[in-house]
Amino acid sequence: TVSNGSTAIDRITDGQDNTYTALGRHDRSFLGHVTLTSQYNFPSNTWEVLPYNTIEHNRISGASFDSSAYQLTLPAGTYFFDCYHKSHNSNDANLRLYDPDSNSEVFQGMMAYGGSNPPLWLTTELTFTEERTLELQMKVNSSTSWGAGVLRDSDISTTNDPYGNAFYVEQIDTA
């Protein structure tokens with residue numbers, strides 16, 4: 001049994017029967033959003049880095065985020081990725097994690113056709129034996145000036161900046 005305050009569990013397993021014995025992984029997490037109220041241009045059939053320009057938190061020891069290149073650098077370890085992105089007027093679209101240092105695709109997320117608003121998810125668990133720099137990228141079939149989605153609060157008012165999309169990473173184990 002693992003306990004954290006007043007919560008106790010016997011074990012948590014995933015679909016591959018991996019057992020997790022720690023609670024509170026959010027204490028070792030990174031969360032970035034896209035905060036825009038204007039357009040973000042995406043050409044057709046080209047992988048483009050997504051503009052995650054607002055970091056809500058970075059609680060992963062040794063991790064850093066380059067806000068001008070939109071790159072997340074993670075130390076060696078095992079990570080759970082749960083990323084969501086939605087563009088507008090892009091037709092077919094695809095999402096991936098990319099390592100600019102090795103010029104290689106790390107993991108490809110889902111492809112979607114949603115007409116004007118394809119919702120894209122990238123959910124996986126990855127282990128890195130050394131430090132990795134990652135970008136969240138998208139490729140669209142039809143060029144769009146709304147590659148980061150339509151983010152506005154003119155129709156429904158908000159008290160905070162509207163967020164589009166989520167770049168979420170949890171550190172599960174250190175190497």
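What you see is a predicted model; the values in this text were computed from it and never measured.
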Exactly one candidate in Thr123, Leu136, Leu134 meets side-chain contact (heavy atoms from CB on, under 4.5 Å) with Phe81; the answer is Leu134

Among Leu74, Thr73, Leu72, whose side-chain contact (heavy atoms from CB on, under 4.5 Å) with Ser64 holds?
Thr73

Side chains of [X] and [Y]: does their closest heavy-atom pair fall under 4.5 Å?
| X | Y | result |
| --- | --- | --- |
| Asn103 | Tyr98 | yes |
| Pro75 | Glu131 | no |
| Asn94 | Gln108 | yes |
| Val106 | Arg132 | yes |
| Phe30 | Tyr168 | no |
| Leu122 | Leu97 | yes |
| Ser67 | Asn53 | no |

Can a donor-acceptor pair be found between the side chains of Gln137 and Arg96 at a distance below 3.5 Å?
yes

Treating His33 as the side-chain partner and Asn165 as the backbone partner, does any N or O pair qualify as donor plus acceptor under 3.5 Å?
yes

Of Gln71, Glu135, His85, which meets side chain to side chain donor-acceptor pair (under 3.5 Å) against Tyr52?
His85

What pair of heavy atoms forms the shortest contact from Val169 to Ile60, and how long is it?
O-CD1, 4.0 Å

Where is the tightest heavy-atom contact between Met110 and Leu120, given as atom of each residue plus distance?
O-CD2, 3.5 Å

Sequence neighbours excluded, every pair satisfying salt bridge (charged side-chain N to carboxylate O under 4.0 Å, His left out) that has a member inside residues 43-55
none

Using the test side-chain hydrogen bond (donor to acceptor under 3.5 Å, both in side chains), find all partners of Ser44 that sit at least two apart in sequence or belong to another chain.
none

